[in-house]
Amino acid sequence: MAVAKKIILCIICIITTNLWTLPVYAEQVHRVAPGETLSSIASRYGISIDSLLGNNQYIVNPDLIFPGQVLIIPDANMQAYVVKPGDTLSKISQQFQVPIPILADINNIADINLLYAGQILVVPKIYTVKAGDTLSNIAQELGVNLTDLLVENNLDPQSYIYVGQTLIVPFRSTQREELVAIENELAPVAARFPGTFFYKGQPNGLRVALTFDDGPDRIETNAMLDVLKRYQVPATFFLLGRNMPGNGDVVERIVAEGHTVANHSTTHPDLRRLTAEQVQNEMLTLENQIYEITGLRTALMRPPYGFVTDENIRQLQDLGYKIIKWTVDTNDWRDMDIDKVLINTMPNIRDGSIILMHDYLSQSVTKEVLPEIIHSLRSQGYTFVTVDELLGISPYK
Ligand SMILES: [Zn+2]
């Protein structure tokens, strides 16, 4: 990094250090400095260790955090509690002054008697309505969006509120939004197509799979391969047929360096809108291109945009394919900012995660984020495997 850039960053650090005592209504990145512990970091941001752990569930050993490791500091309104042996929901409710139904609802707890030690509960902050309050002055007082306040509490702007009513203070949480959405959407599909449709691996000794879509790209794919080689990390590349011409050597390099090549279609269409014949062409054109270069016939595919119908899945299965979606979306194509990508990624990583990244956009920060993700996960004992190894399936026909 250039010296000038470093100096500017340091100035920014000094400025932001002074702001860190204020609660911030957003998640932010913290890079562990030598000598820091979870407890010193938590107190620096004025949050509990439980809240810090709750937003960084990739951490499996809270006593061992390492310099350079990335932690995502939760929004100041997001609290979490790690359930201790003997805890009950009623005890936790009393401790935080949050009604049991709110705790049960926000954590999707069906049976309030089934808590287990180590379980992480989101504990919202509560606002009790006072005389003369309006929804907009409450939002202002809390420093939150009125819309967020309404949505979090299932209210509309005209809703009647009464003195003593408890409102949930809204909080931003990538983890809560993304993990729940992906689970709700994909778990039923995986259940309908066991052994064919995958979006995560089973927890098994802390393994995750990095996946890259939309290459090969001479500059970007090679940049990712350089980083992966430096850290000795295998990954999976879902290639696009339209990017193959002139990039045969890049594809050869992917395979030679121990990565898996997989099929992401020829022209990146929405498969749901294609005829069966068109779907077959999309898959086989690229399959043959890859075969000519590597002698390998791909058996893993990722649908463009992640879109597939059940009918698509049945056809892809007949073509000898397994469909691989993802558990964690880095949104690296959308957010061209290192910290934003880390915030999108780290809170959602678990044992068995399949992580979606891209290797075709020259302005993306993916190659810069990768070392931090790798270092943070390795610090906690994770290993990186190809997606086929994670899932225990064959990458090629
Ligand atoms: Zn794509």
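Index from 1, following the sequence. Everything numeric in this text was worked out from a predicted model, so none of it was measured. For ligands, and for the atoms within them, numbers begin at 1 and follow the listed sequence.
By the 6.0 Å and 45° rule, R272 stacks over the aromatic ring of F307.
Residues F237 and H264 keep their aromatic ring centres 6.0 Å or farther apart.
Looking at D214, its N, O or S atom nearest to the Zn ion (ligand 1) turns out to be OD1.
Residue H358 does not count as close to the Zn ion (ligand 1), with no N, O or S atom under 2.8 Å. In summary, no N, O or S atom of D213 is located under 2.8 Å from the Zn ion (ligand 1).
Remark: K397 NZ is packed, more than 12 non-hydrogen atoms of other residues, nucleotides or ligands lying under 6.0 Å away.
Side-chain atoms of Y199 and E183 form a donor-acceptor pair, as typed in the model, at a separation below 3.5 Å.
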